[in-house]
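Right, one structure below, let's go through it.
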Amino acid sequence: MSRLEAKKPSLCESEPLTSERVRAALSVLKGIVTSCYGPSGRLKQLHNGLGGYVRTTSQSWALLSNLSVTHPVLKILTASVQNQAACFGDCGLFTAILCCNLIENVQRLALTPAAVIRLNKHLLSLCTDYLKSEACGCRIPVDFSSSRILLCLVRSILTSKPACMLTRNEIDHISALILRAFLLTIPEHTEEHIILGKTMIVPLKGQRVKDSVVLPGILIEMSEIQFARLLPFKKADVLKVALFGMSLSGDFSDTGEGTVMVSRGVSLENAVLDQLLRLGRQLVSDHVDLVLCQKVIHPSLKQFLSTHRVIAIDRVGGTLMEPLSKVTGTQPIGSLDSVSPNSYGSVKNVCPAQFGFKHFLHLIPNEVSICSLLLCNRNDTAWDELKLTCQTALHVLQSTIKEPWVLLGGGCTETHLAAYIRHKTHTEPESLLSDEGCTQTDLELIAEAFCSALESLAGSLEHDGGETLTDMKYGHCWSVQAGSPAVVSWADLLSQCGCGLHNSQEELSWSFLKSTRHPIAPDTCLPQTATDSAGSLTVDCLTAKLGGLQVAVETANLILDLSYIIEDKN
């Protein structure tokens, strides 16, 4: 009998945030995510020390999914940010930086966690109520009759991902393609509930970015031999399609633990081939024009179908099965037995297509709800980053259907929100002190920590040693390049605020972002030019930013409330 090892006692760590190890780990994590933030964010290379694939990125999902953390506090934070990015598609770095800022700022205060958590919840509610209200000074409605704001939203997302390595013209080209792909997924005939289609991103690496294109329907990659053998056929009004989710190769790879009983003198291979050919004859008699198979089609069946002018494409893969089923209007056939005529679907047209060095069969559906984005970029690393960015942009565009609003970007929403909170807590403190146990002093300290966290987030957009300012009228964020002469007036040094809505020629006064100043009441009335100039603004998705704000505050509250961490080391 083997010797049993004695059970180790659980490891208990009290007040984990007081540990220098935890503080140092949080500081390192904050440094990583902060340095990636914004259009001029620094890139990170992710690789295994033993070799393998190297990825260059600045996106939160790629960073945190490849970052191995061991301490429970960091696991809570990274898991929360990853869940937020998965749910809302964007603002992962925003969430991570704000959460780290809140934890760091509150740790300097000699207040109980209970008081901090209570007031943080009140301040979060104040922020969300304001951002959702008609009086919000940093919210712009999305007009779906015009593409300007939607294009601006997509362009802002692409600009904030420098690892895509796109020029300005390439950003404009990809932005237009993403918006077109999104519009193609909106069904033409909608009932009460809209069910959006899907965009299939097809890789074409090593080509120019401007070679990217959006096509309605699905592109199925073929070999050059399949492409050359594709027969011309007479186009009917409707092309009948049979979709198989099983192998038509004639093998028995899926028998599992079953036993195959074969009579003496019977050739198993010939019996299976006869069954495949019977299936082929049924497909021909049912006037099927196109046969698609997830796995492999036997060469003899392929030859038989080809002789009868039926296009047969195999190895389409599991990824395309669901879109193909939706496009053709059929469920995948999973049996070699007699196929019901109700199993067939249809498409409007099929045609061969060649892009770069790849060959495709292009399926055009009767009603477009699925499209293919043929995405090109110079190399594997840039293409991977661009694909993730396009998925983010498509997710964000889908969110605008439910909440058709955008927020001003470039740090302006954060600084404006900080100015609004300072003004509210200074002029109407009683509205935030409804709970017992919180004093006016507590409110001022925690509100300042909260506002400082928001302003530090806006300041994180500057990575080149420049200064960040805020104006005293709108509360927007302004950036000054490093090495600018100190004797010149701010109006001569500044051009536009971070979102691009205001310029320095207006009668404004500025102060440094982190300087002590009297609370101001920021102007909450958006000028009429906001919607007119929307195509040149930097904007963020309202849904994603609200979700990030809520996740950041709730995660910070959870971590601040931890008094013990108990780890079982067995």
Side-chain angles (χ1 to χ4, degrees), residues 11 13 15-38 41-49 52-107 113 117 120 124 160-161 163 384-385 388-389 391-392 395-396 453-454 456-457 460 540-541 543-569:
L11 243 130
E13 183 181 1
E15 303 298 335
L17 289 183
T18 61
S19 166
E20 190 59 38
R21 179 171 68 97
V22 176
R23 290 191 178 194
L26 279 170
S27 177
V28 170
L29 179 64
K30 178 187 172 183
I32 291 173
V33 292
T34 301
S35 63
C36 294
Y37 195 47
R42 304 307 190 238
L43 305 182
K44 303 293 178 289
Q45 279 198 337
L46 309 172
H47 62 91
N48 189 302
Y53 180 70
V54 177
R55 177 162 192 167
T56 303
T57 186
S58 64
Q59 302 202 44
S60 61
W61 183 89
L63 278 171
L64 298 181
S65 61
N66 287 277
L67 195 63
S68 179
V69 294
T70 56
H71 197 279
V73 169
L74 293 184
K75 285 184 178 180
I76 291 172
L77 201 158
T78 54
S80 296
V81 174
Q82 284 178 287
N83 288 336
Q84 187 276 339
C87 289
F88 301 101
D90 198 16
C91 293
L93 291 175
F94 167 89
T95 306
I97 298 169
L98 180 58
C99 184
C100 290
N101 285 345
L102 288 169
I103 295 170
E104 186 180 85
N105 290 352
V106 167
Q107 281 183 294
I117 291 168
N120 270 349
L124 172 63
S160 67
K161 306 296 185 289
D384 289 341
E385 188 77 356
L388 188 56
T389 305
Q391 290 172 335
T392 297
H395 193 150
V396 165
L454 287 170
S456 296
L457 187 60
S460 299
D540 295 319
C541 174
T543 305
K545 186 145 275 190
L546 279 175
L549 183 64
Q550 183 170 351
V551 170
V553 176
E554 290 178 352
T555 304
N557 283 347
L558 176 61
I559 293 173
L560 290 168
D561 201 28
L562 290 174
S563 58
Y564 271 92
I565 292 177
I566 303 171
E567 291 184 84
D568 187 355
K569 292 293 185 179

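The analysis underlying the following values was restricted to heavy atoms, covering all of them including side chains, and did not include hydrogens, waters or symmetry mates.
From Cys36, atom SG reaches atom NZ of Lys44 across 3.5 Å, with rounding to the nearest 0.5 Å. Between Ile103 atom CD1 and Leu26 atom CG the span is 5.5 Å, to the nearest 0.5 Å.
Checked options Leu63, Val54, Thr56; the residue passing with Leu46 is Leu63 (criterion: side chain to side chain contact (heavy atoms under 4.5 Å, CB included)).
Put simply, the side chain of Thr555 never gets that close to the backbone of Ala552: no donor and acceptor are under 3.5 Å apart. Here the side chain of Gln107 pairs a donor or acceptor atom with the backbone of Leu17 at under 3.5 angstrom. In this structure a side-chain-to-backbone donor-acceptor pair under 3.5 Å is present from Asn66 to Ala62. A side-chain donor-acceptor contact under 3.5 Å links Ser80 to the backbone of Ile76.
Under the rule for a side-chain hydrogen bond (donor to acceptor under 3.5 Å, both in side chains), Ser456 has no partner lying at least two apart in sequence or in another chain.
Residue pairs satisfying the salt bridge (charged side-chain N to carboxylate O under 4.0 Å, His left out) criterion with at least one member in residues 55-79, sequence neighbours excluded, are listed as follows: Arg55-Glu385. Pairs passing the salt bridge (charged side-chain N to carboxylate O under 4.0 Å, His left out) check and including a residue from residues 89-107, sequence neighbours excluded, read Lys30-Glu104, Glu104-Arg108.
Across all non-hydrogen atoms, the minimal contact from Leu388 to Trp61 is CD2-CE3, 4.0 Å.
The 12-atom threshold is not exceeded at OH of Tyr564, counting heavy atoms of other residues, nucleotides or ligands nearer than 6.0 Å.
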